[in-house]
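All remarks here apply to the structure that follows.
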Amino acid sequence: MRLATSLLLAAATLAAPFAHAVDPRLGDAYKFKHSGWTYVHLSGTPEQIGYQHGYLLAHEIEDNVHVYAVEGVHKYDKQWSFFREAGRTVLWPHIEPEYQAELKGIGEGLKAAGSKLDVWDVVALNGQEELTGYYLPMLNAQQGKPNPPAAVAPGKCSAFIATGSATKDGKIVIAHSNWSSYAEGERWNYVFDIVPTKGYRFLMDGSAGMITSQDDFGVNAAGIMITETTLPMAAGFDVNGIPEFERSRKAMQYADSIDTYAAIMRAGNNGGYANSWLIGDRKTNEIAYLELGLHHTPLLKKTDGYFVSSNFAANPDLVRDDTPGFDPNNAESSMNARHIRAEEFMKQNYGKLDTTLAEAYLSDHYDTYEHKVDAGKRSLCGHEDTSPIGEKVWDNPPHSPSGAVTGKVMDSDMAAKLSFIARSGHPCGEDFHAAPFLAAHPEFSWQKPILNDMIAGPWTAFTSSEKSPTATIAQR
């Protein structure tokens, strides 16, 4: 049941305030918990936004770094120190001063809160997607080393965007579910309301310590609505390019049109975290599909119809040069089965699409390969932990604890208010319990220190400027 009650009237869960004086850099920043999410308001200069982020979420950032450090050893055969150094030497030199300042600010906020993490931990955290699946394979190839099976471009997320005759009111509807490991995804439950001194205010989902959404769902005050899903089997990385996490943040903050958004994402493209971007402009009702490979970046636009995305590479040139090995005809694979189901859902509901149907899309369990309802690796609402065969394309073993971990939907009217509806946990509402899973699947016992229960919350409306009645800048 959707919980659309204003967060202003909700009871917030807040930590006790520090006794010492409040640092003026905290400004009007605050956070509170609601319906499985942590809402975080940040504002000011890059340094201030970063400091607020690091200070308010210090414990959560430490927890997030711990997750990726544990995964780094077991999945990529790399200690956390490798990612810190790669962040410092590979990514940092190509980050613009504005975002360097914000990343440094997070480090300073962490230090002020008593954390031992520093800016290089923060850069490594932000760069995880592109360092593990793009830079590391390239580096191993250069050094003649075997590449860990998991060090490949990931397959994540199910999404659509529609407009015109495809939707109930003729305006834009957009939907997205984040797919990740449950250890990562159970922590990918933040709503960031950010008011920068330059650029547009924006509302996005995200994860503690990251300056961009990274699973990418959000809206800015210029009416740009965005989401994405990962391009499968993408290969190639340009060490002289701009990190993807900076470009996606910059586009969210500064784009005022589809073309501007695409231009920012294309400029300095390093090939890292290659995605299919779904972009909408509520001012014009136009939608777009940007496939951002390293060598090819085709952009399609329309004012009537829809685009679906499920880690399916579409452009023939991009498939040939940027996603080698991707077979669009392999109906058994997760991305192709979900692509088929997404098209079926759009056709079945054409002309009726709204946020309620968008929630149903993200919650769908039909498996087009098995021709039955089966919550597993091939359903739009992914439950890879139930799959006895795993997903070979991104090397997930059988019963991998991973799949859809959040759902978000939005229409043009909500975008005008900087608002969206979100559910933490599986979009279908099913819960995941770690203890019985680990007992049944001891091969994943290495995840015990990081794998938590993932309890689905209700569908909940979030809006910029939401406040808890008791939130103050001194509270963490």
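No hydrogens, no waters, no symmetry mates; every other heavy atom, side chains included, goes into these values.
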(request) Examine the side chains of D304 and S165 and answer whether a donor and an acceptor come within less than 3.5 Å of each other. (result) yes
(request) Would you give the length of the straight line joining atom CZ of R84 to atom CG of L125, rounded to the nearest 0.5 angstrom? (result) 12.0 Å
(request) Start with the C-alpha gap between K283 and D281, add the side-chain angles, then the distance that decides, and say whether salt bridge (charged side-chain N to carboxylate O under 4.0 Å, His left out) holds. (result) CA-CA 5 Å; K283 304 184 299 296; D281 186 341; 2.9 Å; yes
(request) Determine, for F82 and K78, whether the Lys NZ or Arg CZ falls below 6.0 Å from the six-membered ring centre while staying within 45 degrees of the axis. (result) yes
(request) Would you kindly say whether D28 and S43 are connected by a side-chain donor-acceptor distance under 3.5 Å? (result) yes
(request) If the plane angle is over 60° it's perpendicular, under 30° parallel, otherwise tilted; pick one for Y30 and H41. (result) parallel
(message) Any heavy-atom pair between the side chains of W277 and S248 that's under 4.5 Å?
(response) yes
(message) Using 30° and 60° as the class boundaries, would you call the ring planes of H426 and H383 parallel, tilted or perpendicular?
(response) parallel
(request) Nearest 0.5 Å please: distance from the CG atom of N189 over to the OG atom of S207. (result) 7.5 Å
(message) So, applying side chain to side chain donor-acceptor pair (under 3.5 Å) with T229, which one of S309, S177, S276, S158 is it?
(response) S309
(request) Identify whether NZ of Lys or CZ of Arg in K33 sits under 6.0 Å from the centre of the six-membered ring of Y39 and within 45° of that ring's axis. (result) no
(request) Identify whether the distance between the nearest side-chain nitrogen and carboxylate oxygen of D215 and K408 falls below 4.0 Å. (result) yes
(request) For the residue pair P148 and K75, establish whether any side-chain heavy-atom pair is separated by less than 4.5 Å. (result) no
(request) Determine, step by step, whether R247 and E244 satisfy the salt bridge (charged side-chain N to carboxylate O under 4.0 Å, His left out) criterion, reporting the C-alpha distance in whole Å, the side-chain angles of both residues, the deciding distance to 0.1 Å, and the verdict. (result) CA-CA 5 Å; R247 288 179 286 119; E244 190 277 343; 5.9 Å; no
(request) For A208 and H53, work out which heavy atoms get closest and say how close. (result) C-NE2, 4.0 Å
(message) I want to check something: taking the side chain as every heavy atom from C-beta on, are E129 and T230 in contact at a cut-off of under 4.5 Å?
(response) no
(message) Determine whether a donor-acceptor pair (N or O, by modelled atom type, separation under 3.5 Å) exists between the side chain of D431 and the backbone of A456.
(response) yes
(message) Do I49 and F192 make a side-chain contact, defined as non-hydrogen atoms from C-beta onward lying under 4.5 Å apart?
(response) no
(message) Please verify the inter-ring angle class for H339 with F312; under 30° counts as parallel, over 60° as perpendicular, anything in between as tilted.
(response) parallel
(message) Under the criterion salt bridge (charged side-chain N to carboxylate O under 4.0 Å, His left out), I'd like the reasoning laid out for R378 against E384: C-alpha separation, chi angles, the key distance, then a yes or no.
(response) CA-CA 8 Å; R378 287 185 289 262; E384 293 183 89; over 6 Å; no
(message) Around atom CG of D77, are there more than 12 heavy atoms from other residues, nucleotides or ligands closer than 6.0 Å?
(response) no
(message) I'd like to know whether F217 forms a ring pair (Phe, Tyr, Trp, His ring centres under 6.0 Å) with F420, so could you lay out the CA-CA distance, the side-chain angles of the two residues, the decisive distance to 0.1 Å, and finally the verdict.
(response) CA-CA 9 Å; F217 188 87; F420 57 72; 5.4 Å; yes
(request) Tell me, please, whether W179 has R338 positioned over its six-membered ring: NZ or CZ under 6.0 Å from the ring centre and within 45 degrees of its axis? (result) yes
(message) In the structure I gave you, are the side-chain heavy atoms of Q253 and F202 within less than 4.5 Å of one another anywhere?
(response) yes
(message) Applying salt bridge (charged side-chain N to carboxylate O under 4.0 Å, His left out) to D413 and R282, what does each step give before you reach the verdict?
(response) CA-CA 8 Å; D413 291 342; R282 71 165 186 82; over 6 Å; no
(message) Would you say that Y273 contacts P243 through its side chain, given a criterion of any heavy-atom pair below 4.5 Å between the two side chains?
(response) no
(request) Look up atom OG1 in T356 and atom CG in N349, then write down how far apart they are to the nearest 0.5 Å. (result) 11.5 Å
(message) Restricting to non-hydrogen atoms, name the atom on A151 and the atom on P137 that form the minimum distance, rounded to 0.1 Å.
(response) O-CG, 3.0 Å
(request) Give a yes or no on whether the ring-centroid distance for Y366 and H371 is below 6.0 angstrom. (result) no
(message) Using side-chain heavy atoms (C-beta onward) and a distance below 4.5 Å, is I211 in contact with I106?
(response) yes
(request) Check whether the ring centres of Y68 and W80 lie less than 6.0 Å apart, and answer yes or no. (result) no
(message) Please determine whether the number of non-hydrogen atoms from other residues, nucleotides or ligands lying under 6.0 Å from atom CZ of F437 exceeds 12.
(response) yes
(request) Determine, for K250 against E246, whether the closest basic-nitrogen to carboxylate-oxygen distance falls under 4.0 angstrom. (result) no
(request) Indicate yes or no: at least one non-hydrogen side-chain atom of S333 is less than 4.5 angstrom from one of E391. (result) yes
(request) May I ask you to say whether D364 pairs ionically with R341, meaning some side-chain N is under 4.0 Å from a carboxylate O? (result) yes
(request) Report, as yes or no, whether the 6.0 Å neighbourhood of atom NZ on K417 holds more than 12 heavy atoms from other residues, nucleotides or ligands. (result) no
